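Here is the structure we will look at.
This is a predicted model, so every value here is computed, not measured.
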Amino acid sequence: MLHWIQYIKGYVSIKVWGYSTERFLNLCGNHDILVWDIENHGDYYTMKVSVKGFFELKSLLRKTGTRASVLRRYGLPFFVPKMRKRKIFVIGLLVCLLFWIFTGFYIWDIKIEGNYSLTEDVLMDYLDSQGVHTAMKKKDLQIEELEMQLREEYDIITWASLRVDGTTLVIQIRENELPNNDYSGQTETDAAEPENDAGSGKDIVAAKDGVIVYMITRKGVPQVAVGDTVEKGQILVSGAVPVYNEDATVRRYQYYEADADIMITYEKSISVQRQTAWQEKEYSGREKKILLLGFQDKEWNLSAGKVGYETYDVSGEKKQVQLLDHLFLPVFYGVKYAREYSYVPKTHTEEEMQQIMEEEWNKILQTLDEKGVQIIEKNVTINKNREFWVLNARMQLMEEAIQTVPNTTEQVPVTESEEEVLTE
């Protein structure tokens, strides 16, 4: 605290030498003139004294036969006059200070920690839909409400904590390690309980046109059998299970979520065409360096002149200005490089075209495998000429091409006699 008071009032570092420097120091104490940081250099002393105390030394120097000279000046009384000559610097300093204070009221970075199953893109999209994004005001952030919304929106999130660290919003979450059906609160017995309301059950319908080749029903009423030809959207297993009267008429329906393993075969044709001629990028070695500066979503090129190349690629990087560990400013800087290139026409050899078509066929197989589709039969041909190679594939496929939809079976109306029995 004393240092700041001395800086505000101003002080000087002086050199004292002469006949009786020790007596001079004693007189400073007797006259309540504060001197500090006294150092003995043999022939002279150095010390610091306040500006007011320095002007009171004149009589003491005369009495003791000593002399003094100023080595260095410190404090606002000496700093302010210098700054009067540097108005642009002072204005720039004040603008930077105000800009720093202003940006401190906003969120400029969002950091998510603890997510494994949920990707950062998914969470960022959800935050954006809730109005949480960079460049938003801190006061508009409802932390407790957002924590609750995250837990309600995603069942896998068991704990969420949000905090503002500088200009960074830090989101920490904890995910349940069990799959959804293990912590949903529904047991196997509960899942088997029928629903009584119409439309609460689920039907299994065909997702493609084809032929049923395998079918095992665990819950629900089968509407088709193995060997039947079905169309897309046709009900395969109904979730409305009828309860019959003694006369074999339907008394009512019990609604379940239908469950079955069903495999459907169908035919599919795929055609892939590739050209033998192609164009290769050939870089000339010339490039132009472009400095860039950005603010929020805007970006400006600082390099003079335009890129004089007809065709060119642009690559580079930019960084966000960071003052402290978690204090980011909405200012970006970086550099880009424009590299000139031209297209050179070339033609694939027969070996290259053969490899290209094999890669295309492998991509088809990989896509089918990822979807769980099995190939029963296939007929693959390649037609080629000087300009094109065409791969034609005709396949017999098998997959569990089904989907679940709400049941639309209406409940049987209650008769008057049944209503009287229920009333009694």
Side-chain angles (χ1 to χ4, degrees), residues 119-122 124-125 128 207-210 232 264-320 331-401:
T119 63
E120 187 169 326
D121 290 338
V122 171
M124 292 297 288
D125 289 341
D128 189 62
K208 295 180 180 293
D209 297 342
K232 182 179 180 180
I264 299 176
T265 62
Y266 58 93
E267 289 187 355
K268 185 173 184 178
S269 297
I270 297 177
S271 180
V272 179
Q273 178 178 287
R274 292 292 178 265
Q275 291 182 332
T276 57
W278 63 291
Q279 291 184 328
E280 182 182 32
K281 282 184 179 180
E282 187 174 272
Y283 290 92
S284 65
R286 296 198 304 166
E287 66 178 22
K288 180 179 177 63
K289 185 178 180 180
I290 305 171
L291 301 178
L292 61 91
L293 181 66
F295 179 78
Q296 293 189 14
D297 298 331
K298 297 182 179 179
E299 187 177 296
W300 298 273
N301 294 332
L302 302 182
S303 300
K306 297 182 179 180
V307 179
Y309 311 141
E310 184 176 352
T311 54
Y312 57 91
D313 284 337
V314 177
S315 62
E317 63 178 357
K318 61 181 180 179
K319 297 181 180 180
Q320 186 174 3
V331 180
F332 299 86
Y333 66 94
V335 61
K336 297 188 296 185
Y337 295 92
R339 303 172 60 200
E340 182 188 27
Y341 68 87
S342 59
Y343 285 110
V344 178
K346 292 191 176 183
T347 303
H348 288 295
T349 63
E350 187 167 346
E351 290 77 12
E352 290 175 342
M353 289 301 300
Q354 187 70 35
Q355 184 179 356
I356 291 173
M357 302 313 287
E358 287 180 3
E359 291 176 355
E360 293 295 335
W361 174 243
N362 289 332
K363 289 179 183 178
I364 294 172
L365 295 179
Q366 183 179 356
T367 302
L368 294 175
D369 183 64
E370 291 175 352
K371 294 180 179 180
V373 180
Q374 303 177 35
I375 301 177
I376 307 301
E377 296 180 5
K378 64 178 182 292
N379 182 18
V380 182
T381 60
I382 296 179
N383 300 322
K384 52 188 177 180
N385 54 43
R386 295 181 61 183
E387 296 182 358
F388 300 98
W389 280 39
V390 182
L391 182 148
N392 294 311
R394 186 176 181 84
M395 298 174 288
Q396 184 79 16
L397 305 177
M398 180 176 68
E399 68 170 304
E400 193 176 14

Report yes or no: is the cationic atom of Arg339 (NZ for Lys, CZ for Arg) under 6.0 Å from the centre of the six-membered ring of Tyr283, at an angle within 45° of the ring normal?
yes
So how far is it from [X] [atom1] to [Y] [atom2], rounded to the nearest 0.5 Å?
X      : Y      : atom1 : atom2 : answer
Phe388 : Asn383 : CZ    : CG    : 13.0 Å
Tyr266 : Lys268 : OH    : NZ    : 6.0 Å
Asn392 : Thr381 : CG    : OG1   : 4.5 Å
Glu267 : Gln396 : CD    : CD    : 5.0 Å
Ser315 : Glu287 : OG    : CD    : 8.0 Å

Could you give me the CA-CA distance, side-chain angles and deciding distance for Asp125 and Val122, then say whether side-chain contact (heavy atoms from CB on, under 4.5 Å) is met?
CA-CA 5 Å; Asp125 289 341; Val122 171; 5.9 Å; no
Indicate yes or no: at least one non-hydrogen side-chain atom of [X] is less than 4.5 angstrom from one of [Y].
X      : Y      : result
Met395 : Ile270 : yes
Leu368 : Leu397 : yes
Lys288 : Tyr309 : yes
Tyr341 : Asp313 : yes
Ile356 : Trp361 : no
Val331 : Leu293 : yes
Lys318 : Glu299 : yes
Trp389 : Gln354 : yes

Just checking Glu359: does its CD atom have more than 12 heavy atoms from other residues, nucleotides or ligands closer to it than 6.0 angstrom?
yes
Give a yes or no on this: more than 12 heavy atoms of other residues, nucleotides or ligands lie within 6.0 Å of atom NZ of Lys281.
yes
Less than 3.5 Å apart, any donor N or O on the side chain of Glu340 or Ser284 sitting next to an acceptor on the other?
yes
Quick one: closest heavy-atom pair of [X] and [Y], and the distance?
X      : Y      : result
Val380 : Ala393 : CG2-CB, 4.1 Å
Met357 : Val390 : CE-C, 4.2 Å
Ala401 : Ile264 : O-CD1, 3.5 Å
Gln275 : His348 : O-CD2, 3.9 Å
Ala338 : Tyr312 : CB-CD1, 3.8 Å
Thr276 : Asn385 : CG2-O, 4.1 Å

Go through Lys289 and Tyr337 one step at a time and tell me if the side-chain contact (heavy atoms from CB on, under 4.5 Å) criterion holds.
CA-CA 5 Å; Lys289 185 178 180 180; Tyr337 295 92; 3.9 Å; yes
Any salt bridge between Glu399 and Lys371, counting N to O under 4.0 Å?
no
Is Glu350 paired with Lys384 through a side-chain N to carboxylate O contact shorter than 4.0 Å?
yes
Could you point out which residue of Gln355, Gln273, Arg274 forms a side-chain contact (heavy atoms from CB on, under 4.5 Å) with Glu360?
Arg274
Could you go through the side-chain contact (heavy atoms from CB on, under 4.5 Å) check for Val307 and Ile290 one step at a time?
CA-CA 9 Å; Val307 179; Ile290 305 171; 3.9 Å; yes
Given side-chain contact (heavy atoms from CB on, under 4.5 Å), test Asp369 with Gln366 step by step and report yes or no.
CA-CA 5 Å; Asp369 183 64; Gln366 183 179 356; 5.6 Å; no
Main-chain N/O of Met124 paired to Asp128 side chain as donor or acceptor, under 3.5 Å
no
